[in-house]
Amino acid sequence: MSGPLVNSPIVDSMTHSFDALILGGGAAGLMCAIEAGKRGRRVAVLERADRLGKKILISGGGRCNFTNLRCRPENFLSSNPHFAKSALARFTPADFIALVDKHNIPYHEKTLGQLFCDHSARDILNMLEVECQHAGVSIFLNTKIHQVERTPEFVVRSASAEFRAPVLVVATGGLSIPKIGATPFGYDLARQFGLAIREPWPGLVPLVMSEEDCSLYCDLAGVSSEAIVSCDGQEFREKILITHRGLSGPSILQISSYWKKPQPISIDLAPEREVTAVFRDPTAPRTLGTLRAELRKTLPHRLADRWLDARAPHSWTNQALAELEKQAHGWVVSPSGTEGYEKAEVTAGGVDTDELSAKTMESRKVPGLFFIGEVVDVTGHLGGFNFQWAWASGAAAGRAL
Ligand SMILES: Cc1cc2nc3c(=O)[nH]c(=O)nc-3n(C[C@H](O)[C@H](O)[C@H](O)COP(=O)(O)OP(=O)(O)OC[C@H]3O[C@@H](n4cnc5c(N)ncnc54)[C@H](O)[C@@H]3O)c2cc1C
(Lines give C-alpha, C1' and ligand atoms only; values in the text may rest on other atoms or scores of the structure.)
Protein backbone atom coordinates (compact mmCIF):
# COMPACT_ATOMS: atom_id res chain seq x y z
CA MET A 1 0.00 0.00 0.00
CA SER A 2 1.31 3.48 -0.77
CA GLY A 3 0.41 7.14 -0.87
CA PRO A 4 -0.86 9.56 1.70
CA LEU A 5 -3.23 7.04 3.26
CA VAL A 6 -0.50 5.62 5.49
CA ASN A 7 1.10 7.74 8.15
CA SER A 8 3.74 5.33 9.30
CA PRO A 9 5.82 5.17 11.35
CA ILE A 10 4.56 7.84 13.68
CA VAL A 11 6.99 10.66 14.09
CA ASP A 12 7.79 12.42 17.35
CA SER A 13 5.47 12.71 20.27
CA MET A 14 2.34 14.45 19.09
CA THR A 15 -1.38 14.45 19.64
CA HIS A 16 -3.79 13.53 16.85
CA SER A 17 -7.47 14.35 17.21
CA PHE A 18 -10.19 12.55 15.28
CA ASP A 19 -13.94 11.99 15.39
CA ALA A 20 -13.34 8.27 15.90
CA LEU A 21 -10.40 5.96 16.58
CA ILE A 22 -10.54 2.39 15.37
CA LEU A 23 -8.11 -0.03 17.00
CA GLY A 24 -7.20 -2.81 14.56
CA GLY A 25 -6.94 -2.68 10.79
CA GLY A 26 -8.42 -6.08 9.98
CA ALA A 27 -11.67 -6.92 8.21
CA ALA A 28 -14.03 -5.39 10.77
CA GLY A 29 -11.95 -2.28 11.49
CA LEU A 30 -11.51 -1.42 7.82
CA MET A 31 -15.20 -1.86 7.01
CA CYS A 32 -16.13 0.32 9.98
CA ALA A 33 -13.65 2.99 8.89
CA ILE A 34 -15.01 3.00 5.33
CA GLU A 35 -18.63 3.40 6.46
CA ALA A 36 -17.80 6.13 8.97
CA GLY A 37 -15.45 7.93 6.56
CA LYS A 38 -18.11 7.92 3.83
CA ARG A 39 -20.40 9.71 6.27
CA GLY A 40 -17.86 12.49 6.68
CA ARG A 41 -16.33 11.38 9.97
CA ARG A 42 -12.62 11.99 10.51
CA VAL A 43 -11.50 8.47 11.27
CA ALA A 44 -8.14 6.94 12.17
CA VAL A 45 -7.29 3.25 12.09
CA LEU A 46 -4.49 2.34 14.51
CA GLU A 47 -2.83 -0.96 13.57
CA ARG A 48 0.00 -2.50 15.53
CA ALA A 49 1.37 -4.53 12.60
CA ASP A 50 3.44 -3.17 9.74
CA ARG A 51 0.56 -3.70 7.32
CA LEU A 52 -3.22 -3.94 7.24
CA GLY A 53 -5.35 -7.07 6.99
CA LYS A 54 -2.75 -9.80 7.46
CA LYS A 55 -5.48 -12.34 8.19
CA ILE A 56 -7.36 -11.40 5.05
CA LEU A 57 -4.23 -12.23 3.06
CA ILE A 58 -3.88 -15.74 4.52
CA SER A 59 -7.61 -16.47 4.50
CA GLY A 60 -9.26 -19.14 2.41
CA GLY A 61 -5.90 -20.64 1.46
CA GLY A 62 -4.87 -17.25 0.00
CA ARG A 63 -8.11 -16.79 -1.95
CA CYS A 64 -10.28 -15.35 0.83
CA ASN A 65 -13.69 -16.95 1.26
CA PHE A 66 -15.14 -13.47 1.70
CA THR A 67 -18.81 -14.30 2.24
CA ASN A 68 -21.45 -16.98 1.92
CA LEU A 69 -24.58 -16.74 -0.21
CA ARG A 70 -26.50 -18.84 2.32
CA CYS A 71 -25.72 -16.72 5.34
CA ARG A 72 -28.32 -17.17 8.09
CA PRO A 73 -28.27 -16.42 11.82
CA GLU A 74 -28.05 -20.20 12.43
CA ASN A 75 -24.54 -20.10 10.99
CA PHE A 76 -23.27 -18.29 14.08
CA LEU A 77 -22.52 -19.32 17.67
CA SER A 78 -23.14 -16.88 20.46
CA SER A 79 -24.48 -17.05 23.98
CA ASN A 80 -27.29 -14.89 22.55
CA PRO A 81 -28.24 -16.46 19.19
CA HIS A 82 -30.43 -13.44 18.32
CA PHE A 83 -27.74 -10.80 18.77
CA ALA A 84 -26.18 -10.98 15.30
CA LYS A 85 -29.49 -10.87 13.41
CA SER A 86 -29.86 -7.10 13.18
CA ALA A 87 -26.36 -6.35 11.88
CA LEU A 88 -26.44 -9.32 9.48
CA ALA A 89 -29.78 -8.13 8.07
CA ARG A 90 -28.53 -4.59 7.51
CA PHE A 91 -25.29 -5.56 5.77
CA THR A 92 -25.85 -8.72 3.75
CA PRO A 93 -23.65 -10.86 1.49
CA ALA A 94 -25.28 -8.99 -1.43
CA ASP A 95 -23.97 -5.68 -0.04
CA PHE A 96 -20.43 -7.03 0.11
CA ILE A 97 -20.73 -8.63 -3.33
CA ALA A 98 -21.85 -5.23 -4.71
CA LEU A 99 -18.57 -3.77 -3.43
CA VAL A 100 -16.57 -6.64 -4.92
CA ASP A 101 -18.37 -6.14 -8.27
CA LYS A 102 -17.75 -2.40 -8.18
CA HIS A 103 -14.01 -3.18 -8.03
CA ASN A 104 -14.30 -5.79 -10.81
CA ILE A 105 -12.84 -8.51 -8.63
CA PRO A 106 -13.40 -11.93 -10.19
CA TYR A 107 -14.78 -14.59 -7.85
CA HIS A 108 -16.54 -17.92 -7.89
CA GLU A 109 -18.77 -20.07 -5.72
CA LYS A 110 -16.73 -23.04 -4.57
CA THR A 111 -19.32 -25.08 -2.71
CA LEU A 112 -22.24 -24.57 -0.32
CA GLY A 113 -22.56 -20.85 -1.14
CA GLN A 114 -18.90 -20.07 -0.33
CA LEU A 115 -17.51 -17.22 -2.47
CA PHE A 116 -13.76 -17.12 -3.13
CA CYS A 117 -11.57 -14.77 -5.16
CA ASP A 118 -10.51 -16.24 -8.50
CA HIS A 119 -7.01 -14.77 -8.11
CA SER A 120 -5.98 -13.75 -4.65
CA ALA A 121 -7.12 -12.51 -1.24
CA ARG A 122 -4.98 -9.46 -2.01
CA ASP A 123 -7.83 -8.28 -4.29
CA ILE A 124 -10.11 -7.95 -1.26
CA LEU A 125 -7.49 -6.13 0.82
CA ASN A 126 -6.68 -3.78 -2.09
CA MET A 127 -10.39 -3.04 -2.44
CA LEU A 128 -10.70 -2.16 1.25
CA GLU A 129 -7.59 0.01 1.11
CA VAL A 130 -8.88 1.90 -1.92
CA GLU A 131 -12.26 2.39 -0.25
CA CYS A 132 -10.50 3.70 2.87
CA GLN A 133 -8.55 6.13 0.72
CA HIS A 134 -11.73 7.40 -0.98
CA ALA A 135 -13.40 7.79 2.40
CA GLY A 136 -10.47 9.86 3.70
CA VAL A 137 -9.50 7.40 6.42
CA SER A 138 -6.14 7.99 8.14
CA ILE A 139 -4.14 4.87 8.80
CA PHE A 140 -1.35 4.52 11.32
CA LEU A 141 0.69 1.33 11.06
CA ASN A 142 3.26 0.04 13.57
CA THR A 143 1.14 1.63 16.26
CA LYS A 144 1.16 -0.49 19.36
CA ILE A 145 -1.21 0.87 21.98
CA HIS A 146 0.09 1.06 25.54
CA GLN A 147 -2.75 2.79 27.27
CA VAL A 148 -6.38 3.78 26.80
CA GLU A 149 -8.09 6.30 29.06
CA ARG A 150 -11.49 7.99 29.08
CA THR A 151 -11.38 11.61 30.17
CA PRO A 152 -14.39 11.67 29.01
CA GLU A 153 -12.77 11.76 25.55
CA PHE A 154 -10.89 8.58 24.70
CA VAL A 155 -7.15 9.06 24.89
CA VAL A 156 -5.09 6.33 23.27
CA ARG A 157 -1.31 6.29 23.73
CA SER A 158 1.36 4.51 21.75
CA ALA A 159 5.11 4.75 22.36
CA SER A 160 5.43 7.98 20.42
CA ALA A 161 2.01 9.54 19.99
CA GLU A 162 -1.31 10.29 21.56
CA PHE A 163 -4.68 10.00 19.82
CA ARG A 164 -7.90 11.58 21.04
CA ALA A 165 -11.51 11.09 19.99
CA PRO A 166 -14.98 10.99 21.53
CA VAL A 167 -15.47 7.54 20.01
CA LEU A 168 -13.33 4.40 20.26
CA VAL A 169 -13.98 1.24 18.23
CA VAL A 170 -12.21 -1.95 19.27
CA ALA A 171 -11.60 -4.24 16.29
CA THR A 172 -8.50 -6.06 17.47
CA GLY A 173 -9.76 -9.59 16.72
CA GLY A 174 -9.32 -12.74 18.77
CA LEU A 175 -6.48 -14.99 19.92
CA SER A 176 -6.14 -17.17 16.83
CA ILE A 177 -2.76 -17.36 15.09
CA PRO A 178 -0.53 -15.49 17.56
CA LYS A 179 2.36 -15.70 15.12
CA ILE A 180 0.71 -13.12 12.88
CA GLY A 181 -0.01 -10.83 15.79
CA ALA A 182 -3.19 -11.95 17.58
CA THR A 183 -3.34 -10.48 21.09
CA PRO A 184 -5.77 -10.47 24.04
CA PHE A 185 -5.83 -6.67 23.79
CA GLY A 186 -9.55 -6.36 23.01
CA TYR A 187 -10.59 -8.56 25.93
CA ASP A 188 -8.25 -6.70 28.30
CA LEU A 189 -9.69 -3.37 27.18
CA ALA A 190 -13.25 -4.63 27.66
CA ARG A 191 -12.35 -5.72 31.20
CA GLN A 192 -10.68 -2.37 31.87
CA PHE A 193 -14.02 -0.70 31.15
CA GLY A 194 -15.98 -3.21 33.24
CA LEU A 195 -17.52 -5.21 30.37
CA ALA A 196 -18.12 -8.95 30.83
CA ILE A 197 -16.27 -11.49 28.68
CA ARG A 198 -17.49 -14.94 27.71
CA GLU A 199 -14.37 -17.06 28.24
CA PRO A 200 -12.76 -17.45 24.78
CA TRP A 201 -11.93 -20.85 23.23
CA PRO A 202 -10.35 -21.89 19.93
CA GLY A 203 -12.90 -22.58 17.16
CA LEU A 204 -12.62 -24.09 13.68
CA VAL A 205 -9.61 -26.04 14.89
CA PRO A 206 -8.31 -29.59 14.32
CA LEU A 207 -8.99 -32.07 17.13
CA VAL A 208 -6.29 -34.15 18.81
CA MET A 209 -7.05 -37.84 19.34
CA SER A 210 -6.35 -39.78 22.52
CA GLU A 211 -3.04 -41.68 22.50
CA GLU A 212 -4.90 -44.94 21.97
CA ASP A 213 -6.91 -43.69 18.96
CA CYS A 214 -3.88 -41.92 17.53
CA SER A 215 -1.82 -45.11 17.65
CA LEU A 216 -4.62 -46.78 15.67
CA TYR A 217 -5.33 -44.11 13.06
CA CYS A 218 -2.77 -41.30 12.88
CA ASP A 219 -0.44 -43.10 10.50
CA LEU A 220 -3.30 -42.79 7.98
CA ALA A 221 -2.69 -39.00 7.93
CA GLY A 222 -4.01 -37.56 4.67
CA VAL A 223 -6.89 -40.02 4.29
CA SER A 224 -10.26 -38.27 4.04
CA SER A 225 -13.87 -39.30 3.69
CA GLU A 226 -17.32 -37.76 3.75
CA ALA A 227 -19.02 -38.16 7.12
CA ILE A 228 -21.63 -36.66 9.40
CA VAL A 229 -20.01 -35.43 12.58
CA SER A 230 -22.14 -34.52 15.57
CA CYS A 231 -21.74 -33.18 19.09
CA ASP A 232 -23.79 -31.07 21.46
CA GLY A 233 -26.91 -31.23 19.28
CA GLN A 234 -25.12 -29.98 16.16
CA GLU A 235 -24.16 -31.97 13.08
CA PHE A 236 -22.18 -31.27 9.93
CA ARG A 237 -21.90 -33.34 6.77
CA GLU A 238 -18.64 -32.67 4.96
CA LYS A 239 -15.24 -34.33 4.77
CA ILE A 240 -13.20 -35.54 7.72
CA LEU A 241 -9.43 -35.78 7.36
CA ILE A 242 -7.06 -37.90 9.44
CA THR A 243 -3.99 -35.92 10.57
CA HIS A 244 -0.74 -36.79 12.33
CA ARG A 245 -2.35 -35.75 15.62
CA GLY A 246 -6.01 -36.60 15.14
CA LEU A 247 -8.83 -35.30 12.98
CA SER A 248 -9.43 -32.29 10.78
CA GLY A 249 -11.35 -31.53 7.56
CA PRO A 250 -14.36 -29.23 7.24
CA SER A 251 -16.85 -31.22 9.28
CA ILE A 252 -14.37 -31.64 12.15
CA LEU A 253 -13.46 -27.93 12.08
CA GLN A 254 -17.16 -27.07 12.18
CA ILE A 255 -17.91 -29.34 15.14
CA SER A 256 -14.78 -28.21 17.01
CA SER A 257 -16.44 -24.85 17.69
CA TYR A 258 -19.14 -26.68 19.67
CA TRP A 259 -16.87 -29.27 21.29
CA LYS A 260 -15.82 -28.98 24.92
CA LYS A 261 -13.63 -31.52 26.72
CA PRO A 262 -14.49 -34.25 27.75
CA GLN A 263 -17.50 -34.55 25.41
CA PRO A 264 -17.21 -37.30 22.79
CA ILE A 265 -18.00 -36.62 19.15
CA SER A 266 -19.93 -39.07 17.02
CA ILE A 267 -19.00 -39.79 13.40
CA ASP A 268 -21.35 -41.37 10.87
CA LEU A 269 -18.84 -42.92 8.47
CA ALA A 270 -21.48 -44.17 6.05
CA PRO A 271 -24.22 -41.55 5.75
CA GLU A 272 -27.39 -43.03 4.24
CA ARG A 273 -25.69 -46.35 3.55
CA GLU A 274 -26.27 -49.70 5.21
CA VAL A 275 -22.85 -51.34 5.30
CA THR A 276 -24.17 -54.74 6.42
CA ALA A 277 -27.08 -54.85 3.92
CA VAL A 278 -25.33 -57.57 1.92
CA PHE A 279 -25.88 -60.04 4.75
CA ARG A 280 -29.64 -60.01 4.19
CA ASP A 281 -28.84 -62.27 1.26
CA PRO A 282 -28.66 -65.73 2.92
CA THR A 283 -26.10 -66.85 0.34
CA ALA A 284 -23.64 -64.05 1.24
CA PRO A 285 -20.75 -65.52 3.22
CA ARG A 286 -20.67 -64.09 6.72
CA THR A 287 -16.95 -63.38 6.75
CA LEU A 288 -14.60 -60.50 7.44
CA GLY A 289 -13.73 -60.48 3.73
CA THR A 290 -17.33 -59.78 2.72
CA LEU A 291 -17.67 -57.05 5.32
CA ARG A 292 -14.36 -55.47 4.34
CA ALA A 293 -15.42 -55.40 0.67
CA GLU A 294 -18.69 -53.71 1.63
CA LEU A 295 -17.05 -51.10 3.83
CA ARG A 296 -14.48 -50.36 1.13
CA LYS A 297 -17.38 -49.28 -1.12
CA THR A 298 -18.00 -46.40 1.31
CA LEU A 299 -14.66 -45.56 2.90
CA PRO A 300 -11.12 -45.21 1.54
CA HIS A 301 -9.67 -48.72 1.67
CA ARG A 302 -7.02 -48.02 4.32
CA LEU A 303 -9.54 -46.42 6.64
CA ALA A 304 -12.10 -49.17 6.04
CA ASP A 305 -9.54 -51.88 6.86
CA ARG A 306 -8.14 -50.13 9.92
CA TRP A 307 -11.55 -49.27 11.34
CA LEU A 308 -12.78 -52.82 10.85
CA ASP A 309 -9.62 -54.41 12.30
CA ALA A 310 -10.29 -52.50 15.51
CA ARG A 311 -13.82 -53.89 15.85
CA ALA A 312 -14.12 -57.13 13.85
CA PRO A 313 -17.26 -58.96 15.06
CA HIS A 314 -16.65 -61.93 17.34
CA SER A 315 -19.68 -63.69 15.92
CA TRP A 316 -21.78 -63.27 12.79
CA THR A 317 -25.20 -63.19 14.40
CA ASN A 318 -27.76 -60.65 13.22
CA GLN A 319 -27.33 -58.92 16.56
CA ALA A 320 -23.57 -58.61 16.13
CA LEU A 321 -24.06 -57.22 12.62
CA ALA A 322 -26.66 -54.74 13.87
CA GLU A 323 -24.17 -53.57 16.50
CA LEU A 324 -21.49 -53.09 13.84
CA GLU A 325 -23.94 -51.16 11.65
CA LYS A 326 -24.69 -48.92 14.62
CA GLN A 327 -20.99 -48.26 15.19
CA ALA A 328 -20.42 -47.37 11.54
CA HIS A 329 -23.03 -44.62 11.95
CA GLY A 330 -21.83 -43.58 15.39
CA TRP A 331 -18.07 -43.97 15.70
CA VAL A 332 -17.47 -42.42 19.10
CA VAL A 333 -14.23 -40.46 19.37
CA SER A 334 -13.20 -38.72 22.59
CA PRO A 335 -10.64 -36.09 21.57
CA SER A 336 -7.96 -35.28 24.14
CA GLY A 337 -7.98 -31.63 23.08
CA THR A 338 -7.65 -29.27 20.13
CA GLU A 339 -4.60 -27.97 18.30
CA GLY A 340 -5.22 -24.64 20.06
CA TYR A 341 -5.00 -21.03 18.97
CA GLU A 342 -1.90 -21.74 16.83
CA LYS A 343 -4.16 -23.61 14.39
CA ALA A 344 -7.62 -22.20 15.15
CA GLU A 345 -9.29 -20.18 12.40
CA VAL A 346 -11.33 -18.22 14.92
CA THR A 347 -11.72 -17.47 18.60
CA ALA A 348 -15.16 -18.27 19.97
CA GLY A 349 -16.50 -16.44 23.02
CA GLY A 350 -15.46 -12.84 23.63
CA VAL A 351 -17.14 -9.61 24.66
CA ASP A 352 -20.53 -10.56 26.07
CA THR A 353 -23.27 -9.48 23.67
CA ASP A 354 -25.43 -8.41 26.63
CA GLU A 355 -22.96 -5.55 26.97
CA LEU A 356 -23.56 -4.23 23.45
CA SER A 357 -26.33 -2.71 21.36
CA ALA A 358 -27.22 -5.23 18.61
CA LYS A 359 -27.91 -2.34 16.25
CA THR A 360 -24.71 -0.32 16.69
CA MET A 361 -22.25 -2.51 18.67
CA GLU A 362 -21.89 0.31 21.19
CA SER A 363 -21.32 -0.54 24.84
CA ARG A 364 -24.41 -0.03 26.97
CA LYS A 365 -22.24 0.94 29.96
CA VAL A 366 -19.66 3.12 28.27
CA PRO A 367 -21.14 5.46 25.65
CA GLY A 368 -18.78 5.96 22.70
CA LEU A 369 -17.04 2.60 23.13
CA PHE A 370 -17.77 0.02 20.39
CA PHE A 371 -16.65 -3.60 19.85
CA ILE A 372 -16.83 -5.27 16.42
CA GLY A 373 -15.67 -8.41 14.61
CA GLU A 374 -14.12 -11.46 16.18
CA VAL A 375 -13.52 -9.89 19.61
CA VAL A 376 -17.31 -10.05 20.15
CA ASP A 377 -19.00 -13.29 21.29
CA VAL A 378 -20.30 -14.07 17.79
CA THR A 379 -18.50 -16.81 15.85
CA GLY A 380 -19.31 -18.00 12.36
CA HIS A 381 -19.27 -21.47 10.90
CA LEU A 382 -16.62 -22.33 8.34
CA GLY A 383 -17.46 -20.99 4.89
CA GLY A 384 -17.14 -17.19 4.75
CA PHE A 385 -19.38 -16.48 7.73
CA ASN A 386 -16.67 -14.98 9.93
CA PHE A 387 -15.84 -12.36 7.34
CA GLN A 388 -19.55 -11.67 6.84
CA TRP A 389 -19.81 -11.00 10.58
CA ALA A 390 -16.73 -8.75 10.42
CA TRP A 391 -18.23 -6.75 7.50
CA ALA A 392 -21.72 -6.60 9.06
CA SER A 393 -20.64 -5.63 12.58
CA GLY A 394 -18.10 -3.17 11.16
CA ALA A 395 -20.77 -1.55 8.98
CA ALA A 396 -23.24 -1.43 11.90
CA ALA A 397 -20.77 0.51 14.03
CA GLY A 398 -19.48 2.63 11.15
CA ARG A 399 -23.00 3.83 10.35
CA ALA A 400 -23.55 4.81 13.97
CA LEU A 401 -20.42 6.90 14.44
C1 LIG B 1 -5.81 -19.12 8.51
C2 LIG B 1 -7.14 -18.42 8.56
C3 LIG B 1 -7.98 -18.48 7.46
C4 LIG B 1 -9.24 -17.87 7.51
N5 LIG B 1 -10.04 -17.93 6.41
C6 LIG B 1 -11.27 -17.36 6.46
C7 LIG B 1 -12.10 -17.36 5.30
O8 LIG B 1 -11.70 -17.78 4.22
N9 LIG B 1 -13.36 -16.85 5.44
C10 LIG B 1 -13.82 -16.31 6.63
O11 LIG B 1 -14.96 -15.85 6.69
N12 LIG B 1 -13.02 -16.25 7.71
C13 LIG B 1 -11.77 -16.75 7.65
N14 LIG B 1 -10.95 -16.68 8.75
C15 LIG B 1 -11.44 -15.93 9.94
C16 LIG B 1 -11.30 -14.43 9.67
O17 LIG B 1 -10.01 -14.17 9.18
C18 LIG B 1 -11.53 -13.62 10.97
O19 LIG B 1 -12.73 -14.02 11.58
C20 LIG B 1 -11.58 -12.14 10.65
O21 LIG B 1 -10.36 -11.74 10.10
C22 LIG B 1 -11.88 -11.33 11.92
O23 LIG B 1 -11.78 -9.98 11.58
P24 LIG B 1 -11.42 -8.89 12.70
O25 LIG B 1 -11.27 -7.61 11.97
O26 LIG B 1 -12.37 -8.98 13.82
O27 LIG B 1 -10.01 -9.37 13.28
P28 LIG B 1 -8.60 -9.48 12.55
O29 LIG B 1 -8.77 -9.72 11.10
O30 LIG B 1 -7.83 -10.48 13.36
O31 LIG B 1 -7.97 -8.04 12.72
C32 LIG B 1 -7.54 -7.54 13.96
C33 LIG B 1 -6.45 -6.53 13.71
O34 LIG B 1 -6.15 -5.89 14.92
C35 LIG B 1 -4.75 -5.75 15.04
N36 LIG B 1 -4.42 -5.62 16.47
C37 LIG B 1 -4.42 -6.58 17.43
N38 LIG B 1 -4.08 -6.04 18.61
C39 LIG B 1 -3.89 -4.71 18.39
C40 LIG B 1 -3.54 -3.60 19.22
N41 LIG B 1 -3.30 -3.77 20.51
N42 LIG B 1 -3.42 -2.37 18.66
C43 LIG B 1 -3.64 -2.19 17.33
N44 LIG B 1 -3.97 -3.19 16.50
C45 LIG B 1 -4.10 -4.44 17.02
C46 LIG B 1 -4.19 -7.02 14.40
O47 LIG B 1 -2.85 -6.86 14.00
C48 LIG B 1 -5.16 -7.18 13.22
O49 LIG B 1 -4.72 -6.50 12.07
C50 LIG B 1 -9.68 -17.22 8.70
C51 LIG B 1 -8.82 -17.15 9.80
C52 LIG B 1 -7.57 -17.74 9.74
C53 LIG B 1 -6.65 -17.64 10.93
Side-chain angles (χ1 to χ4, degrees), residues 58 60-62 111 176-177 179 201-232 234-276 278 287-316 320-321 323-345 382:
I58 61 164
T111 174
S176 315
I177 322 286
K179 73 168 184 275
W201 72 94
L204 302 181
V205 63
L207 297 175
V208 177
M209 276 178 161
S210 67
E211 259 180 51
E212 193 187 343
D213 278 342
C214 204
S215 66
L216 278 172
Y217 298 105
C218 289
D219 67 313
L220 303 182
V223 171
S224 75
S225 183
E226 176 158 329
I228 299 174
V229 181
S230 51
C231 175
D232 197 26
Q234 296 289 324
E235 63 171 45
F236 296 93
R237 180 176 182 159
E238 281 179 79
K239 290 217 158 165
I240 61 167
L241 169 74
I242 302 201
T243 71
H244 290 110
R245 297 187 63 193
L247 291 168
S248 187
S251 57
I252 294 291
L253 297 178
Q254 298 279 33
I255 211 71
S256 73
S257 300
Y258 293 89
W259 178 78
K260 291 265 167 62
K261 202 174 175 180
Q263 283 175 307
I265 60 168
S266 172
I267 304 177
D268 181 348
L269 287 169
E272 287 152 25
R273 276 192 55 102
E274 194 183 346
V275 293
T276 57
V278 64
T287 63
L288 206 54
T290 312
L291 192 53
R292 197 181 298 282
E294 285 307 301
L295 204 58
R296 281 177 166 210
K297 289 180 188 163
T298 303
L299 294 178
H301 294 186
R302 292 170 69 207
L303 178 57
D305 295 354
R306 190 65 61 83
W307 189 84
L308 203 53
D309 287 348
R311 52 185 61 67
H314 297 300
S315 72
W316 294 94
L321 289 173
E323 177 55 29
L324 195 90
E325 184 72 43
K326 199 170 129 201
Q327 287 188 33
H329 299 286
W331 177 24
V332 177
V333 175
S334 292
S336 64
T338 74
E339 293 205 21
Y341 290 116
E342 280 72 24
K343 293 281 171 66
E345 210 168 277
L382 188 74

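Predicted model, so just to flag it, every value in this text is computed and none were measured.
- Legend: residues meeting side-chain contact (heavy atoms from CB on, under 4.5 Å) with Cys214, ordered by chain and number and at least two apart, are Met209, Cys218.
- Under the rule for a side chain to side chain donor-acceptor pair (under 3.5 Å), Thr243 has no partner lying at least two apart in sequence or in another chain.
- Shortest non-hydrogen contact noted between Leu324 and Arg311 is CD1-O, 3.4 Å.
- Residues passing the salt bridge (Lys or Arg N to Asp or Glu O under 4.0 Å) test with Glu274 are Arg280, sequence neighbours excluded.
- Shown here are the side-chain contact (heavy atoms from CB on, under 4.5 Å) partners of Gln263, two or more places apart in sequence or in another chain: Cys231, Asp232, Trp259, Lys260.
- Separating the CD1 atom in Ile255 from the CD1 atom in Ile240 is a distance of 12.5 Å, to the nearest 0.5 Å.
- Interatomic distance, Leu247 CG to Leu241 CG, rounded to the nearest 0.5 Å: 8.0 Å.
- The ring pair (Phe, Tyr, Trp, His ring centres under 6.0 Å) test applied to Tyr341 returns no partner, not counting sequence neighbours.
- Qualifying side chain to side chain donor-acceptor pair (under 3.5 Å) partners for Thr290, counting only residues two or more places apart in sequence or in other chains: Thr287.
- Partners of Arg273 under the side-chain contact (heavy atoms from CB on, under 4.5 Å) rule, at least two apart in sequence or in another chain, are Ala270, Glu294, Lys297, Thr298.
- With hydrogens and angles ignored, the 3.5 Å screen pairs no side-chain donor or acceptor of Ser248 with any backbone N or O of Pro206.
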Full working for side chain to side chain contact (heavy atoms under 4.5 Å, CB included) between Leu295 and Leu269: CA-CA 10 Å; Leu295 204 58; Leu269 287 169; over 6 Å; no
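- Scanning all heavy atoms of the two residues, the minimum distance from Ala344 to Gly203 falls at CB-O, 3.4 Å.
- Take Glu342 and apply the side chain to side chain donor-acceptor pair (under 3.5 Å) test, not counting sequence neighbours, and it matches no residue.
- The list of side chain to side chain donor-acceptor pair (under 3.5 Å) pairs with a residue in residues 328-337, not counting sequence neighbours, reads Asp268-His329, Glu325-His329.
- Heavy-atom minimum distance, Ala227 versus Pro271: CA-CG, 4.1 Å.
- In this view, Glu339 and Lys343 satisfy the side chain to side chain donor-acceptor pair (under 3.5 Å) rule, not counting sequence neighbours.
- The CG atom of Leu308 sits 10.0 Å away from the CD atom of Gln327 when rounded to the nearest 0.5 Å.
- With hydrogens and angles disregarded, a donor-acceptor distance shorter than 3.5 Å links the side chain of Ser251 to the backbone of Lys239.
- Minimum interatomic distance between Ser257 and Leu204 (heavy atoms only, all atoms of both residues): OG-N, 3.1 Å.
- By the 4.5 Å heavy-atom criterion applied to side chains, Asp309 and Leu216 are not counted as neighbours.
- For the atom pair OG1 (Thr338) and CG (Leu253), the distance works out to 11.0 Å, reported to the nearest 0.5 Å.
- Considering only heavy atoms from C-beta on, Leu220 stays 4.5 Å or farther from Trp307 through its side chain.
- Minimum heavy-atom separation, Val205 to Ser256: N-OG, 2.9 Å.
- Shown here are the side-chain contact (heavy atoms from CB on, under 4.5 Å) partners of Ser225, two or more places apart in sequence or in another chain: Leu299, Pro300, Leu303.
- Sequence neighbours left out, the pairs with a member in residues 205-228 that pass salt bridge (charged side-chain N to carboxylate O under 4.0 Å, His left out) are Asp219-Arg306, Glu226-Arg237.
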